[in-house]
Q: 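Quick one: structure below, then a few questions.
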Amino acid sequence: GSYELVEAHISHYRPELLGVNCFLVSGNECVSRMSSGERWQDWIGRAAACVPSWPFWTKLTLPGGEVFYCLDRGGAIKVAPDGRPWIDLLVKVAPVNFGDVVTVKVEFPK
């Protein structure tokens, strides 16, 4: 399929930590779904919040080979002043440091 290489800022979030990581809390649990409607609990290590111009199910491959799918949005997930988009990874352990700029292979869904 067709793809493009995009330089992007990488961040990460963990809904189970609540606070800014979670939109809807019930008790001590994050019960909100991702913007795509998918349960975040089913996609840890495989989902990302992406800029609105990238449709849900856009496939992202990081330099280390890790694959994520755009299944969420976020208020801070936008194009930075330098023209590079932010990608917010749903992970327990981040494959790259917060704020790093890496080249990501971006494959848009057909």
Q: Give me the ring orientation class for Trp86 and Phe98: parallel if the planes are under 30° apart, tilted from 30 to 60°, perpendicular past 60°.
A: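 Rings of Trp86 and Phe98: tilted, 30 to 60°.
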Q: Please set out all donor-acceptor pairs under 3.5 angstrom arising from side-chain atoms of residues 64-79, sequence neighbours excluded.
A:
from: Glu66; atom 1: OE1; to: Gly64; atom 2: N; distance (Å): 3.4
from: Asp72; atom 1: OD1; to: Ser35; atom 2: N; distance (Å): 2.9
from: Asp72; atom 1: OD1; to: Ser35; atom 2: OG; distance (Å): 3.0
from: Asp72; atom 1: OD2; to: Tyr13; atom 2: OH; distance (Å): 2.7
from: Arg73; atom 1: NH1; to: Cys50; atom 2: O; distance (Å): 3.4
from: Arg73; atom 1: NH1; to: Val51; atom 2: O; distance (Å): 3.4
from: Arg73; atom 1: NH1; to: Trp54; atom 2: O; distance (Å): 3.1
from: Arg73; atom 1: NH2; to: Trp54; atom 2: O; distance (Å): 2.9

Q: Please indicate whether Asp42 has more than 12 foreign heavy atoms, meaning atoms of other residues, nucleotides or ligands, lying under 6.0 Å from its CG.
A: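 Check passes, neighbour count above 12.
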Q: Return the minimal non-hydrogen interatomic distance between Phe108 and Pro55, and the atom names on each side.
A: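 Heavy atoms of Phe108 and Pro55 come nearest at CD2-CD, 3.8 Å.
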Q: Taking the side chain as every heavy atom from C-beta outward, state whether Leu5 and Val104 have any pair of such atoms under 4.5 Å apart.
A: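 They are not in contact (no side-chain heavy atoms under 4.5 Å apart), so the answer is no.
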Q: Got a sec: does the CZ of Phe56 have more than 12 other heavy atoms crowding it under 6.0 Å?
A: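 Yes - once you tally the heavy atoms of other residues, nucleotides and ligands closer than 6.0 Å, there are more than 12.
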Q: Rounded at 0.5 Å granularity, tell me how far SG in Cys30 sits from CD in Gln41.
A: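 With rounding to 0.5 Å, SG (Cys30) is 7.0 Å from CD (Gln41).
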Q: Applying the side chain to side chain contact (heavy atoms under 4.5 Å, CB included) criterion to Glu7, which one of Val102, Asp82, Val101 satisfies it?
A: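 When Val102, Asp82, Val101 are each tested with Glu7, the side chain to side chain contact (heavy atoms under 4.5 Å, CB included) holds only for Val101.
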Q: If I compare all heavy atoms of His12 with all of Asp88, which pair ends up nearest, and what's the gap?
A: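 Reported closest heavy-atom pair: N-OD1, 2.9 Å.
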Q: Under 4.5 Å between side-chain heavy atoms, counting indirect links through other Ile/Leu/Val/Met/Phe/Trp/Tyr residues: same cluster for Trp40 and Trp57 or not?
A: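 Yes: a chain of side-chain contacts under 4.5 Å links Trp40 to Trp57.
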Q: Are Tyr3 and Val6 in one and the same hydrophobic cluster, where Ile, Leu, Val, Met, Phe, Trp and Tyr link if side-chain heavy atoms are under 4.5 Å apart?
A: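 Hydrophobic grouping puts Tyr3 apart from Val6.
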Q: What closest approach, in Å, do Leu89 and Ile10 show between heavy atoms, and which atom pair accounts for it?
A: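 Minimum heavy-atom contact is CD1-CG2, 3.7 Å.
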Q: If I compare all heavy atoms of Gly45 with all of Val91, which pair ends up nearest, and what's the gap?
A: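 Minimum heavy-atom separation between Gly45 and Val91: CA-CG1, 4.0 Å.
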Q: Looking at CD1 of Ile44 and CD of Glu16, how far apart are the two atoms once the value is rounded to the nearest 0.5 Å?
A: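 Rounded to the nearest 0.5 Å, the CD1-CD separation comes out at 5.5 Å.
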Q: In Å, rounded to the nearest 0.5 Å, how long is the span from OG1 of Thr103 to CD of Glu4?
A: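 The OG1 atom of Thr103 sits 12.0 Å away from the CD atom of Glu4.
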Q: About how many Å separate CG of Leu60 and CD of Glu107, when rounded to the nearest 0.5 Å?
A: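 Going from the CD atom of Glu107 to the CG atom of Leu60 covers 9.0 Å.
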Q: Locate the shortest heavy-atom distance separating Ile87 from Ala8; write the atom from each residue and the value.
A: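 Shortest heavy-atom separation between Ile87 and Ala8 comes out as CD1-CB, 3.7 Å.
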